Amino acid sequence: MIKIATWNVNSIKARLPNVLKWLDSQNPDVVLFQEIKTVAETFPYLEFEERGYNMLVCGQKSYNGVAILSKFPLENKITSLIGNEADKQARYAEAVINGNLKVASIYLPNGNPIESDKFPYKLEWLERLLEHVKQLMSSNLPFVLGGDFNVILNDKDVYSPKAFADTSLCHTEVIKKMRSILNLGLTDALRAFNKQSGVYSFWDYKHGCWQKDNGILLDYLLLSPEATDMLKSSGIDKEPRGWERPSDHAPVWCELAG
DNA sequence: ATGGCGATTAACAATCGA
């Protein structure tokens with residue numbers, strides 16, 4: 001059994017005590033981080049090495065940044081999407097683990113406000129991801145794409161659909177593009193077992209959202225058909241959201257057989 | 001919900017996130 005988790009940590013340096021506490025209790029084999037908010041030079045490699053992880057870091061100062069931790073060797077490392085070489089924003093990291101499973105850590109652009117150039121950037125990014133997933137589908141390796149997709153796919157995934165209706169998270173074009181990616185044949189590991197409403201992975205720091213359980217489901221583990229065949233269980237670990245100095249996102253995890 | 005929180009920085013006020 002292999003346990004894979006994705007977690008938007010909102011700064012790996014600010015979150016290090018929480019992240020280590022969580023790693024030591026959950027012991028995942030693979031972790032996909034988003035919003036590490038630092039460059040590779042200042043990434044806390046040592047603490048993760050001590051716990052037996054190999055790493056791929058795609059860092060950026062202050063903003064964004066993604067990383068992959070794996071107890072298995074990492075090969076065929078990629079840190080940008082196709083056609084994305086000029087992209088200064090660190091939002092994609094991909095590697096093959098143990099020679100038999102491809103994983104990617106994805107931090108999709110937020111895209112707000114819709115009137116700004118951030119919104120077309122989000123749509124472009126989704127288009128590049130679509131093209132890349134098409135390529136992944138044509139290869140024979142099973143894969144898992146994990147991350148913060150900044151998309152609210154269904155009304156049941158948000159505490160107040162009305163409050164987010166006019167944001168980029170719910171925009172028709174964004175949902176349409178995200179669905180076209182999913183429709184290539186991806187399975188949301190969480191939704192494969194749990195169709196309930198009120199299942200969230202993000203709670204805003206503001207307005208007492210955590211205390212009121214005013215959350216949103218923004219983080220997914222998307223599985224290729226072959227990876228879906230191996231899927232055994234999945235869930236969201238809400239506990240770290242209740243700790244001191246938490247990230248505003250909770251880790252999402254799944255277990256694959258083999 | 002304008003804002004409220006929390007993280008960042010050629011740092012203590014401005015910017016960003018969802």
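Because the structure is predicted, anything quoted here is derived from the model rather than measured. Chain letters run A, B, ... following the sequence lines, proteins first, then strands; residues in each count from 1.
On the C1' atoms, B/dA10 is 16 Å away from B/dT15, given to the nearest whole Å. Comparing the C1' positions of B/dA11 and B/dC16 gives an interatomic distance of 16 Å, to the nearest angstrom. Separating the C1' atom of B/dC12 from that of B/dA7 is a span of 14 Å, rounded to the nearest Å. Across B/dG3 and B/dA14, the matching C1' atoms stand 16 Å from one another, rounded to whole Å.
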Report all interatomic pairs (protein N or O, nucleotide N or O of nucleotides 10-13 of chain B) with separations under 3.5 Å.
| residue | atom | partner | partner atom | Å |
| --- | --- | --- | --- | --- |
| B/dA10 | OP2 | A/K61 | NZ | 3.1 |

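Whole-Å rounding puts the A/E35 CD to B/dT15 C1' distance at 14 Å. When the C1' atom of B/dC16 is taken as reference, atom OH of A/Y121 falls 15 Å away, rounded to whole Å. What separates CG of A/D148 from P of B/dC16 is a distance of 18 Å, to the nearest Å. Distance, A/W203 CH2 to B/dA18 C1': 14 Å, rounded to whole Å. Rounded to an integer number of Å, the gap from A/N112 CG to B/dC16 C1' is 12 Å. Between A/R15 atom CZ and B/dG6 atom P there is a gap of 10 Å when expressed in whole angstrom units. Rounded to whole Å, the distance from CG on A/N214 to P on B/dC5 is 16 Å. Distance A/K37 NZ to B/dC16 C1': 7 Å, rounded to the nearest Å.
The nucleotide whose nearest atom lies closest to any side-chain atom of A/K118 is, among B/dA18, B/dC5, B/dC16, B/dC16. The side chain of A/S62 has B/dT8 as its nearest neighbour among B/dA18, B/dT8, B/dC5. Checked against B/dA18, B/dA7, B/dG17, the side chain of A/L218 finds its nearest nucleotide in B/dA18. Closest to the A/A14 side chain, of the nucleotides B/dA7, B/dA18, B/dC5, is B/dA7. Checked against B/dA18, B/dG17, B/dC16, the side chain of A/Y63 finds its nearest nucleotide in B/dC16. The side chain of A/N10 lies closest to B/dA7 when the candidates are B/dT9, B/dG17, B/dA7.
For A/N110, a side-chain nitrogen or oxygen approaches OP1 or OP2 of B/dA18 to under 4.0 Å. The phosphate of B/dA18 (OP1 or OP2) has a side-chain N or O of A/Y107 nearer than 4.0 angstrom. The side chain of A/R245 contributes no N or O atom lying less than 4.0 Å from OP1 or OP2 of B/dC5.
Listed by chain and residue number, nothing satisfies the ring pair (Phe, Tyr, Trp, His ring centres under 6.0 Å) test with A/F193 (two or more places apart in sequence, or in another chain). Checked against ring pair (Phe, Tyr, Trp, His ring centres under 6.0 Å), A/F119 has the following partners two or more places apart in sequence or in another chain: A/H171. Residues passing the ring pair (Phe, Tyr, Trp, His ring centres under 6.0 Å) test with A/W22 are A/W7, sequence neighbours excluded. The side-chain contact (heavy atoms from CB on, under 4.5 Å) search around A/T42 returns A/K13, A/T38, A/V39, not counting sequence neighbours. Every residue meeting the side-chain contact (heavy atoms from CB on, under 4.5 Å) condition with A/P113, not counting sequence neighbours, appears here in chain and number order: A/E115, A/S116. Partners of A/Y53 according to the ring pair (Phe, Tyr, Trp, His ring centres under 6.0 Å) rule, which considers only residues two or more places apart in sequence or in another chain, do not exist here.
Nearer to the 5' terminus of DNA chain B, by closest-nucleotide assignment, is the contact made by A/K13 (compared with the other of A/K13 and A/L108). In this structure, A/N150 and A/H207 both approach DNA chain B, and ranking their closest nucleotides by distance from the 5' end singles out A/H207.
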Under 3.5 Å donor-acceptor pairs involving side-chain atoms of residues 95-103 of chain A, not counting sequence neighbours:
| residue | atom | partner | partner atom | Å |
| --- | --- | --- | --- | --- |
| A/K102 | NZ | A/E94 | OE2 | 3.4 |

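To the nearest 0.5 angstrom, A/I68 atom CD1 is 6.0 Å from A/L32 atom CG.
Listed in residue order, the members of residues 162-172 of chain A having a heavy atom less than 4.0 Å from DNA chain B are A/L169.
Using a 4.0 Å heavy-atom distance criterion, A/F149 is classed as making no nucleic acid contact. Using a 4.0 Å heavy-atom cutoff across all strands shown, A/D248 reaches no nucleic acid atom at all.
The main-chain N or O of A/F72 is found under 3.5 Å from a side-chain atom of A/S70 such that the two form a donor-acceptor pair.
One finds no salt bridge joining A/R128 and A/E131 here, because no Lys/Arg side-chain nitrogen approaches an Asp/Glu carboxylate oxygen to under 4.0 Å. Under a 4.0 Å N-O distance rule, the pair A/R241/A/D248 does not qualify as a salt bridge.
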